[in-house]
Amino acid sequence: MKIQLGCIADDFTGATDLANNLVRSGMRVVQTIGVPNAPLAAEVDAVVVALKSRTIPAAEAIAQSLDALKWLQAQGAQQIYFKYCSTFDSTPEGNIGPVTEALMDALGTDFTIATPAFPDNGRTVFKGYLFAGNVLLNESGMQNHPLTPMTDANLVRVMQAQTKRKVGLINYKTVAQGEGAIRERIAALRADGVGVAVVDATSNDDLHLLGPALKGMPLVTAGSGVAIGLPANFGLKPSLQASQLPAASGLQAVVSGSCSVATNAQVAHFKASGRPARAIDPASLMHGQSDAVVQQVLAWAAPLLKDGPVLVYSTAEPEAVKAVQAQLGVAEAGALVEHALAAVARGLVGLGVKQLVVAGGETSGACVQALGIAQLQIGPQIDPGVPWCHAPSENGGVHITLKSGNFGTEDFFSKAFGVLR
Ligand code: ADP
């Protein structure tokens with residue numbers, strides 16, 4: 001069982017985003033949480049290894065990325081895709097430049113591209129400058145990011161500051177002329193000693209023109225956008241089979257720890273539809289009461305599950321969240337709630353739930369960990385950026401979807417189960 005494309009993503013939701021784009025373009029994809037220590041659980045065309053390496057020290061990011069590379073090569077990967085954020089989140093210390101360089105060295109290649117372009121999400125690159133929506137990156141709010149402030153939109157300069165290799169540009173005029181012109185430009189840049197080329201792309205058409213020119217390139221570095229042009233290089237085109245998961249069975253439940261605006265509306269919508277919902281009050285979890293609360297919630301859910309999905313949530317409006325945080329501390333409140341919801345998720349699966357919706361990025365991380373999930377096969381998209389996944393296990397596995405904060409329409413919690421049917 002050999003894979004074709006091996007991907008290394010520098011964070012978890014970014015990995016899902018990439019996996020989702022690959023599936024929609026015709027690849028069967030498994031996303032792994034970290035570098036696996038087990039063989040692949042399903043036969044697929046691509047694997048996305050999700051790391052948490054975006055803002056850790058560069059040396060650690062390099063070590064983790066090289067570990068992932070080794071594992072992907074052992075699975076037969078013919079091309080490596082280093083995925084970073086579509087806003088190019090990094091600092092002069094890295095980690096995009098140092099990881100790119102380390103991967104190039106390990107692969108013995110002297111050339112790669114770098115482009116965070118993701119037109120579907122409003123990220124475009126023109127003359128080497130990155131736009132987020134209608135404004136330059138450094139006017140988009142990203143200049144104030146707490147960890148990776150982006151104060152320059154010129155990606156050639158930004159990349160040059162974090163790599164020893166010479167950085168060049170393949171501009172929109174070349175991209176518009178397609179594969180032949182792009183390959184000629186690459187040859188010219190290479191002859192000039194350029195090791196990394198930023199590539200312009202302002203539309204999906206540009207990404208489809210770029211795709212064929214990347215065939216055979218050992219390493220591609222990009223946001224998730226470039227992915228839409230790659231499966232064709234492996235003879236794959238969009239198909240329903242790519243997103244096919246094992247048939248869904250078992251009971252249904254939603255666990256929500258996200259307090260984002262969209263999630264609050266989704267919780268309200270689910271309750272208004274008459275489905276059973278149970279709130280967890282963070283204050284009730286204090287003084288070692290968490291286990292007792294979890295048991296009460298599971299006892300409440302047990303007789304209801306046979307009649308359809310139930311919702312367990314800590315989702316609250318901003319004022320309520322602030323009040324709890326003032327009482328418990330921000331980190332402590334978050335950790336208490338995450339721990340309890342993860343225990344609820346595990347308990348629900350124990351009660352026979354095999355279709356689980358989880359809302360919240362951090363909440364998802366906690367639930368996936370509590371469920372011991374190490375690999376996720378990526379299935380059909382419920383809403384942009386949010387696919388159903390299947391986590392195999394001895395007892396047939398569980399279908400799970402991990403919805404980060406503001407994703408999904410108001411009826412997401414009920415709609416999701418319809419997509420699986
Ligand atoms: P999102 O994707 O919307 O950001 P996350 O799950 O990543 O959601 O983050 C929500 C955080 O808020 C988690 O740490 C969660 O435990 C915490 N949390 C959830 N409900 C409450 C609440 N009612 N009060 C305080 N904190 C909460």
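Numbering of ligands and ligand atoms starts at 1, following listing order.
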F131 side chain near E139 side chain, heavy-atom distance below 4.5 Å = no
Ring pair (Phe, Tyr, Trp, His ring centres under 6.0 Å) against F270, all qualifying residues, sequence neighbours excluded | none
Could you pull out every N or O of ligand 1 that sits under 3.5 Å from a protein N or O, with the distance for each pair?
| from | atom 1 | to | atom 2 | distance (Å) |
| --- | --- | --- | --- | --- |
| ligand 1 | 2 (O) | G361 | N | 2.8 |
| ligand 1 | 2 (O) | G405 | N | 2.8 |
| ligand 1 | 3 (O) | S258 | OG | 2.6 |
| ligand 1 | 3 (O) | S260 | OG | 2.6 |
| ligand 1 | 6 (O) | E362 | N | 3.4 |
| ligand 1 | 6 (O) | T363 | N | 3.0 |
| ligand 1 | 6 (O) | T363 | OG1 | 2.6 |
| ligand 1 | 7 (O) | G361 | N | 3.2 |
| ligand 1 | 7 (O) | E362 | N | 2.7 |
| ligand 1 | 14 (O) | E338 | OE2 | 2.5 |
| ligand 1 | 16 (O) | G334 | O | 2.9 |
| ligand 1 | 20 (N) | S314 | O | 3.3 |
| ligand 1 | 20 (N) | S314 | OG | 2.8 |
| ligand 1 | 23 (N) | S314 | O | 2.9 |

Who passes ring pair (Phe, Tyr, Trp, His ring centres under 6.0 Å) against F82, sequence neighbours left out?
-> Y84
Side chain proximity check, V30 to Q377, heavy atoms < 4.5 angstrom | yes
With sequence neighbours excluded, residues passing ring pair (Phe, Tyr, Trp, His ring centres under 6.0 Å) with F234 = none
Is R165 salt-bridged to E101, cutoff N-O under 4.0 Å?
-> no
